[in-house]
Amino acid sequence: MKFSNFFIPTLKESPSDVKMRSHDLMIRSGMIRQETSGIYSWMPLGFKVLKKIIDKIELLHDDNGINQILMPTIQSSDIWRISNRYDTYGKEMLRISDRNNKDLLYGPTNEEMITAIGKQYIKSYKNLPRKFYHIQTKFRDEIRPRFGVMRAREFLMKDAYSFDIDNVNGESTYCDFFKLYLKIFSQLGIPIIPVRALSGEIGGKLSHEFHLIVSSGESEIFLDNKLLNQSFGSLTLNQILNLNSYTDEYFKNIENKKNLEKFTSIELGHIFLFGTKYSSSFNFYIDSEKGKVMPYMGSYGIGISRIPAAVIEFSNDKDGIIWPKELSPFSVHLININIDDSECSEFCEKLYNEIKERNIDVIYDDRNERPGKKFSDADLIGIPLQIICGNAYSKNREISFLKRFNKEQINIGEERVMDKLLEMTGYKK
RNA sequence: CGGGGAGUAGCGCAGCCUGGUAGCGCAUCUGUUUUGGGAACAGAGGGUCGCAGGUUCAAAUCCUGUCUCCCCGACCA
């Protein structure tokens, strides 16, 4: 992508009502634009990050036999009356009515709808287990939206739902999702901490949240700090249940509070095994070898649109964003300093095309701007590797490689540029 | 919902107290000179002063109402 053809409306000054670092940087780097309280447009750069996250999540869900569907944003009140949540969900639910005065709502979550879908099609235990997911906009009318997309009213969420024959199989599915979540966050470059949670409005007994620890986080979690450097990937269900980490709500109810340290964090994922709560209210039975049984269900959410903000909150410096390479909107930021020097520009064009041919996501700053503006935009946008072509090329045929995270800069002869690039972006060891 | 703050050019703000017909910085456009860390100079464009009503010869400014946004708190997959 050429910078001149990619709309990135960067700002020098921060909007006055912005309080959180990530919110400020998302606005100034032209990722998002506020439409009204808690509702945002995603501009090209922001949407590109979102798509990186979506792609990774889709890939890993598909790999695990979880079927992608797309449910509507608008739901009928009917199914919510069946679960009795139409009355209990409260003002967070945005209620609307159509021209015939039928009560509709903008979905805050989809347990009811997926249960109705399951009930219609799943008739036999031979159809279980069954897992679905969708990635869709949700709306929750938060009392006080804040911090940009961090606590938005309209937001993008991945929610998955599972159907199992009984509790044992349900727990096994739950355990699979637990591990899938660890894998997803790991592949997004996010050091995640799983914590035991209460299940709240959704209902049920088994629930975990997935948190990113940052000092500016809105959540509080309590954990044994030995867990900070632990990998959780190979845990059994029993080990998962005995993890010494808790949400603040859960923490209040536990007995042994020794060795638990408090951290502030951002919640990025939440999984529940709620059992027969909805299959029961929907009278959802299937035929099994033992006669009719109610399926055990679970739901599994990831706050997709919150992830970019959380990662920026976690990784930035005074000059801007520092993307981890896993979800950086581009892998390489090629900067042409001497746009008027034909040798320099020809080299950049050629290098740009070679990078693209290798399917490496590159942004090429070909704009007719002063070096200072190009550097500061590059730092603000935060691509992990900057490749700078300017005077050093004109004089010595050298190109500068600059690592965004520590600003370490080295010069490389032109013949070794591609090799070095592959090495530094991790495409070649 | 309680408490507080703010709406003036795309963004950041001044002007309001003490009424006289709107200004600064950044950004944008033109020209010249510049060009390895947000350039300099010269010029230009851009505003229903959130909205509605009232007071007045005259309202961004005073009064009333209203809408919106932000902050703190309570709340929250």
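This is a predicted model, so every value here is computed, not measured. Residue numbers begin at 1 in each chain, while the letters A, B, ... track the order of the sequences. Hydrogens, waters and symmetry mates are skipped; everything else that's a heavy atom, side chains included, is used.
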Go through A:Asp24 and A:Arg28 one step at a time and tell me if the salt bridge (charged side-chain N to carboxylate O under 4.0 Å, His left out) criterion holds. CA-CA 6 Å; A:Asp24 178 45; A:Arg28 286 208 293 127; 3.5 Å; yes
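With rounding to whole Å, A:Glu13 atom CD is found 9 Å from B:A27 atom P. Between the C1' atom of B:U35 and the CG atom of A:Asn338 lies a distance of 8 Å, rounded to the nearest Å. Between the CZ atom of A:Arg151 and the P atom of B:C76 there is a distance of 10 Å, rounded to whole Å. Rounded to an integer number of Å, the gap from A:Asp365 CG to B:G36 P is 15 Å. A straight line from CD1 of A:Ile339 to P of B:G36 spans 14 Å, rounded to a whole angstrom. Rounded to whole Å, the distance from NZ on A:Lys373 to P on B:C26 is 14 Å. Atom CD in A:Glu220 sits about 15 Å away from atom C1' in B:C76, given to the nearest Å. Distance, A:Glu142 CD to B:C69 C1': 17 Å, rounded to whole Å.
Stacking of A:Arg367 on the aromatic ring of A:Phe3 is recorded, both the 6.0 Å distance cut-off and the 45° axial limit being met. A cation-pi arrangement, defined by a distance under 6.0 Å to the six-membered ring centre and an angle within 45 degrees of its axis, is present between A:Lys257 and A:Phe251.
For B:G38, its base sits under 3.5 Å from the side chain of A:Asp377 at one donor and acceptor pair at least. Judged by distance alone, with hydrogens and angles left aside, A:Glu369 brings no side-chain donor or acceptor close enough to the base of B:G38 to form a pair under 3.5 Å. A donor-acceptor contact under 3.5 Å is formed by the side chain of A:Ser400 with the base of B:G36.
Judged by distance alone, with hydrogens and angles left aside, the side-chain atoms of A:Asp164 form no donor-acceptor pair with the main-chain N or O of A:Asp166 at under 3.5 Å. Side-chain atoms of A:Ser400 never come within 3.5 Å of backbone atoms of A:Asn411 as a donor-acceptor pair (strictly under, hydrogens ignored).
Comparing B:A60 with B:G54, their P atoms are spaced 15 Å from each other, to the whole Å. B:A42 and B:U48 have their P atoms separated by 29 Å, with the value rounded to a whole Å. B:C13 and B:G5 are spaced 16 Å apart, taking the C1' atom of each and rounding to whole Å. Here, B:G50 and B:U68 have their C1' atoms 7 Å apart, quoted to the whole Å. Only the P atoms considered, B:A6 is 14 Å distant from B:C16, to the nearest whole Å. On the P atoms, B:U18 is 10 Å away from B:C63, given to the nearest whole Å. Taking atom P on both nucleotides, B:C69 is separated from B:U8 by 14 Å, rounded to a whole Å.
Residue A:Arg370 has no polar side-chain atom (N or O) positioned under 4.0 Å from OP1 or OP2 of B:G38. Within the structure, a side-chain polar atom (N or O) of A:Gln34 is placed less than 4.0 Å from OP1 or OP2 of B:C70. Using a 4.0 Å cut-off, no side-chain N or O of A:Arg144 falls inside it from OP1 or OP2 of B:C76. Residue A:Ser37 has a polar side-chain atom (N or O) positioned under 4.0 Å from OP1 or OP2 of B:C70.
Ionic pairing of A:Glu154 and A:Lys138 is not present here: no N-O contact between side-chain nitrogen and carboxylate oxygen is shorter than 4.0 angstrom.
With a cut-off of 3.5 Å on both pairing distances, B:U35 has no Watson-Crick or G-U wobble partner at all.
Nucleic acid contact for A:Arg33: none, since no nucleic acid atom lies under 4.0 Å from a heavy atom of the residue.
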